[in-house]
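Notes to accompany the following structure.
Given the structure is predicted, the values throughout are model-derived calculations rather than measurements.
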Amino acid sequence: MTKQNVVPAEKVAAIAVAAVAGSSPMLPYPPPRASSRMKYLSQLELGGCVINSWMESMKASSPTHAKAAVALAAPADTSVDEEQSSWVVSCVQLSFELPVYRTPCVLLATNSVWQMRHPSALSKFEQIMRGSKGKRIVMFLDYDGTLSPIVDDPDSAFMSTAMRAALKNVARYFPTAIVSGRRLDKVIDFVKVAGLYYAGSHGMDIKGPAKPRHNKARAAKPVLFQPACEFLPMIDAVYRSLMERTKSTPGARVENNKFCVSVHFRCVDEKGWSALFEQVRSVLKEYPKLRLTQGRKVLEIRPTIKWDKGKALEFLLESLGYADSKDVMPVYIGDDRTDEDAFKVLRDRGQGFGILVSKFPKETNATYSLLEPSEASLHLEGSLDNNSDVPNRLNH
């Protein structure tokens, strides 16, 4: 290896710190790719070059891919997390076009930049509480990766006892909604907390409590909204086709989420990803009214309607009577790309804020960050413990 192939760690650190003061975009995770500029791809665009882009996207969040990259380039004596190391070298190479070694110094610099832009919601808790004074908090929460850990088996993504207790307490005082990609009945069964608003299928299946706990919500009409009903027969047909088509791919898991279909590849060997994508693509060719998106180690087939978690957030705020309220503070906590639509809505409204749950830096519209679901639980508990007028909010 020649010296011209190495950028000193201190130089990378200087570049990273300088980025905070400038207007350059945040280092993305996963690395930029051709398909990331689009919300989704039409069937005509699913050609060979785009398949490569999707493959790179799938690899970016793969433990197998991360380990391979670290084995090739990371020093043997470092204790730096493998997936994080993989992210650093990818983002530095693509953003600065500089080949570098992964070193703890580089990791520290890039993490510091990201933490300055998206500080921990726990470390900024007092500031958050001051900003909420006199305002009505409305809580929005993703499920997988936020209330429960990400697991290999989607049917085993259970909440902890502490998380459920924290959620119940928060829901007593604040209108609370669970906004998930899961089908509505499944996420309700996982959460098992009455009195909440639930939005399944990425917000395409919304249902409110039969007896709302909060005064303003009690005056509103019962909430039940399904903007994609016409797609149900199509989604069912795609689900059956994918179940049959993906049988030959070990580890692939197809999930019917009522208004969308999820194809999980978390347990699929990387060598089988290309075949799996081709299987999904071959089915979608027959359904131009459906679109393909990607979440955390999952491909998702959804209707092409203009509806997402951000739209669901706006709908629920309106249903609760807070659409035009100036003294409301919506808080959305989520971990996935699909939650970015909700983060963006709050950012564009200039009202409330988003909190990203992630152990690694990611490009995000969220204001704050948390590392994992256990920290989200602490944040929920703190929202009550540090808010002196919580009892009065029952009258809101």
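Of the residues listed (Asp335, Asp336, Thr338), the one engaging Arg296 in a side chain to side chain donor-acceptor pair (under 3.5 Å) is Asp335, and it is the only one. The side chain to side chain donor-acceptor pair (under 3.5 Å) with Glu300 is formed by just one residue from the set Arg337, Arg291, His202; it is His202. Under the side chain to side chain contact (heavy atoms under 4.5 Å, CB included) rule, Arg253 has a single partner from Val263, Asp153, Val268, which is Asp153.
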For this session: Tell me, with the steps shown, if Thr367 and Arg347 meet side-chain hydrogen bond (donor to acceptor under 3.5 Å, both in side chains).
Result: CA-CA 8 Å; Thr367 304; Arg347 188 192 67 183; over 6 Å; no

Practice task
Give the intermediate values and the outcome of side chain to side chain contact (heavy atoms under 4.5 Å, CB included) for residues Lys362 and Ser369.
Solution key: CA-CA 10 Å; Lys362 299 180 183 180; Ser369 63; over 6 Å; no

* To do: Determine, step by step, whether Asp185 and Arg183 satisfy the salt bridge (charged side-chain N to carboxylate O under 4.0 Å, His left out) criterion, reporting the C-alpha distance in whole Å, the side-chain angles of both residues, the deciding distance to 0.1 Å, and the verdict.
  => CA-CA 6 Å; Asp185 56 352; Arg183 60 183 297 145; 2.8 Å; yes

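In this structure, Glu244 and Ser241 have side chains that are not in contact, with every pair of non-hydrogen atoms separated by 4.5 Å or more. Taking 4.5 Å as the limit, every side-chain heavy atom of Asn256 sits out of range of all side-chain heavy atoms of Arg240. Pro330 is listed as a side-chain neighbour of Leu317, based on a closest heavy-atom distance under 4.5 Å. With contacts defined as side-chain heavy-atom distances shorter than 4.5 Å, the pair Arg117/Trp114 does not qualify. At least one side-chain heavy atom of Tyr198 sits less than 4.5 Å from a side-chain heavy atom of Val193. Within the 4.5 Å cutoff, the side chain of Ile137 has heavy atoms near those of the Phe174 side chain. Leu141 is listed as a side-chain neighbour of Leu380, based on a closest heavy-atom distance under 4.5 Å.
The aromatic rings of Trp307 and Phe315 lie perpendicular to each other, with more than 60° between the two planes, well past the 30° mark. Between Tyr332 and Phe140, the ring-plane angle classifies as parallel under the 30° and 60° cut-offs.
The hydrophobic cluster containing Val261 also contains Leu232, counting ILVMFWY residues as joined when their side-chain heavy atoms lie under 4.5 angstrom apart, directly or transitively. Leu167 and Ile188 fall within a single hydrophobic cluster, where Ile, Leu, Val, Met, Phe, Trp and Tyr side chains are chained together by heavy-atom contacts under 4.5 Å. When the side chains of ILVMFWY residues are joined at heavy-atom separations under 4.5 Å, either directly or via intervening members, Val357 and Val298 end up in two distinct hydrophobic clusters.
Atom NZ of Lys186 sits in a crowded spot, with more than 12 heavy atoms from other residues, nucleotides or ligands closer than 6.0 Å.
For Asp348 and Lys344, the salt-bridge test passes: some basic side-chain N is under 4.0 Å from an acidic carboxylate O. Looking at Asp339 and Lys309, a side-chain N of the basic residue comes within less than 4.0 Å of a carboxylate O on the acidic one, giving a salt bridge. Salt-bridge formation is detected for the pair Arg182/Asp144: a Lys NZ or Arg NE/NH1/NH2 atom is positioned less than 4.0 Å from an Asp or Glu carboxylate oxygen.
Taking the six-membered ring where the residue is Trp, the centroids of Phe259 and Phe231 are separated by 6.0 Å or more. Proximity of the aromatic rings of His118 and Tyr368 is defined here by a centroid distance below 6.0 angstrom, and this criterion is not met.
A donor atom on one side chain and an acceptor atom on the other are not found under 3.5 Å apart for Glu372 and Ser358. Side chains of Ser325 and Arg136: a donor-acceptor N/O pair is absent below 3.5 angstrom, by distance only. Neither side chain, Gln115 nor Ser120, offers a donor N or O lying under 3.5 Å from an acceptor on the other.
In this view, Tyr143 and Phe190 satisfy the ring-ring contact (aromatic ring centres under 6.0 Å, His included) rule, not counting sequence neighbours.
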